[in-house]
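What follows is a short report on a single structure.
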Amino acid sequence: MAQLSAKDQERIMTAGQWNLVWLKFRKNRVALVSGVVLIASYIAVAFSGYISPYDPDHRFLGRDFVPPQGIHFFDEDGFHFRPFVYGLTQTLDESSGRRVYAQDKTKKYPIRFFVRGDEHDLFGVESTLHVFGVETKTETEQRMAGIFLCGTDRQGRDMFTRLLYGGRVSMTVGLVGVILSVVLGTILGVTAGYFGGIVDHLTQRVIEILRGFPRIPLWMSLSAAIPADFSSKMTYFMITIIMSILSWTGLARVLRGQVLSLRNEEYVDSAILMGASHWRVIFRHLIPAVSGHIIVVSTIAVPHMILAESSLSFLGLGIRPPMVSWGALLQDGKSLVTLFYYSWLLSPALFIIAVVFCFNFLGDGLRDAMDPYSAARR
Amino acid sequence: MPESPALLRVRDLRKHFPVRSWFSRRSQGRFVRAVDGVSFDIAAGETLGLVGESGCGKTTTGRMILGLETPTSGELRLGDSPDLARLSRRDWFPYRRRVQMIFQDPYSSLNPRMTVGAIVGEALSVHRLASRRDRRDRVADLFRQVGLDPDTMDRFPHEFSGGQRQRVGIARALAVQPEVIVADEPVSALDVSIQAQIINLLQDLQRQHGVSFLFIAHDLAVVGHISRRVAVMYLGRIVELGPRQDLFESPRHPYTLALMNAVPKPRPGGQKGNRIVLEGDIPSPIDPPPGCPFHPRCPKRFEGCDRIEPRLREIAPDRFVSCRLYD
């Protein structure tokens, strides 16, 4: 604090609570970068139709298990301003019996920006525009050649495209699930702490029962109960609901404890004296006071949700084809053969890890920023 | 009690908290007798001081009058109201406006997340006393009344000093134009220099609005300054009640006498010989002593004090003592 100017000090003294949190959070570079990365990722998955070069179900004939392709700027003629990818030739590897691809340096497909391609829609806005794609001249070329930044899967579908579409499901499952569980956890936790007595007793017992259950088997049995003829959208919502049914308990417990101690603050008494209804005391005085906890706990809960969805989908109990999610994509990477020969099929795992890390860093940063005691130390 | 035009009437008010053991929720018949039969009146525009050691039930008495605590038994009336001691929270609502409180702690009594203007204005919107547009004017007016700059309305409580915060608390209590204000140790958390300012402010406001105060404190000097009448509490009961001057100059109950003696007086060498110093601690309110609750510590106890419970009786006009010495 010593090097702060008088003006800065004045600003800190008069700043509101959220201002202080922001001032402090800004100093935590890792958390800040994580936050930016996450925002960028959410934008990317939301506009995955535009950013991905193809449709997630677009198959390239004879182009299964293509390894990730490099983008080139140089060829035998030297530097090209427009980047390009090489064409592919395939041979059969006699010993393993699988296709092996090699670069065909005679064929070059320049990368073009804002091209027309497969149709996609976002909330009813249909478009054929893609941010990037390769230029092909003939019909056969169009069926065989493409840009595969993360390779292709067993059916010749572009992994990069499928990763973006899978992220749409995996990353929003976390958010939607957490929103549901925050609503449940806040209402039940705050009312339990505020009213006490029988309400508190009941909520506590329900929490204990839910927490006492082993999670994975419960998730598995609940999701196995989703009818198979449900549309993939319905399945998606059922999965989020299943996960939030179990995850509100942690938040509810934390908030109950917080409210129990806030209940003794004199300003709560004074609100009651003013004739404020229970509703008003809870929403005007108690929930704002615990909002920091709600934000931190829910940020930390998002990665758990993402992991849970991935595990379920990996086990084949969550998101089902034709919908893609990172966990569902990882199903293709189950065998040792994939691990050995087609390691790019495991790329969804990298994305899961990255997102989970980002959320954890962000949550840690927020927690530190909102803790008034650590504010005094720095 | 005389049939004075009392605004607030408290009769035989009791609050017993069940003692819960670690293992069971049942109280097994043991109770903390926090307040055990308290009766007094407060007239309109009057200040009644309530003094006693900590744990004697002053605060619980105040909280029952405010409806924050439901009395175990007894009667509580405000003007011509029904018995408030028996009302549910919802039925209390019309009387909320008429009884307000000034809190001891100027820090925990203001919501740190609301601007002071919003804190003072909240009661106005709960009771629909002012439209959204008028609210700011009303709050500004209240700020001026308690000696705060209305321009500071949009600031947060942490930007104010303890004395200023207490003024905000007073403005909040005044917002609904109450008839009775319970002030629970309103100045004990403040600097001595600020204490006087707040006391004077309370007196000014009383003169302007004719509001009655129940002034709870352990500091006899403060209570003596502001109160017209003073009640002394010991172990959940009122042991002596009377006009301030009479009670301070000629205390009748041995406990009041000891309490007066405990106040250090700035007179070097004076009064050293005949000071009464109480021995022992306050007995537990869980199992109060039989007979007079004060008898184990009383220097003037005599035969029967440990068996016969004294009653609060009027020994002179408006002068009540609960001691067998005056029977």
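Below, chains carry the letters A, B, ... as their sequence lines are ordered, and counting in each starts from 1.
The shortest heavy-atom contact between A:Tyr267 and B:Pro112 is CE2-CD, 3.6 Å. The two residues B:Gln100 and A:Leu273 have their closest heavy-atom pair at NE2-O, 3.2 Å. Closest of all the heavy-atom pairs between B:Ser109 and A:Ser270 is O-OG, 4.3 Å.
No part of B:Thr115 comes within reach of chain A, as not one of its non-hydrogen atoms sits under 4.5 angstrom from that chain. Heavy-atom distances place no part of B:Arg155 under 4.5 Å from chain A, backbone and side chain included. Heavy-atom distances place the backbone of B:Leu110, and not its side chain, under 4.5 Å from chain A. In this structure, chain B has a heavy atom under 4.5 Å from the side chain of A:Arg280, while its backbone stays farther away.
Other residues, nucleotides and ligands contribute more than 12 heavy atoms inside 6.0 Å of the CZ atom of A:Arg205. Counting non-hydrogen atoms of neighbouring residues, nucleotides and ligands closer than 6.0 angstrom, the CZ atom of A:Phe283 exceeds 12 such neighbours. More than 12 heavy-atom neighbours from other residues, nucleotides or ligands sit within 6.0 angstrom of NE2 on B:His209. Counting non-hydrogen atoms of neighbouring residues, nucleotides and ligands closer than 6.0 angstrom, the CZ atom of A:Phe47 reaches no more than 12 such neighbours. Around CZ of A:Phe237, the count of heavy atoms belonging to other residues, nucleotides or ligands within 6.0 Å does not exceed 12.
You'll find the side chain of A:Ile272 reaches within 4.5 Å of the side chain of B:Arg96, heavy atoms only. B:Arg63 is listed as a side-chain neighbour of A:Asp269, based on a closest heavy-atom distance under 4.5 Å.
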Let's go through B:Glu122 and A:Arg284 carefully: what are the C-alpha distance in whole Å and the side-chain angles of both, what is the deciding distance for side-chain contact (heavy atoms from CB on, under 4.5 Å) to 0.1 Å, and is it a yes or a no?
CA-CA 10 Å; B:Glu122 187 174 17; A:Arg284 285 290 304 256; 4.3 Å; yes
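In terms of heavy-atom pairs under 4.5 angstrom with chain A, the leader among B:Met114, B:Gln104, B:Arg97 is B:Met114.
For the atom pair CD (A:Glu266) and CD1 (B:Ile102), the distance works out to 12.0 Å, reported to the nearest 0.5 Å.
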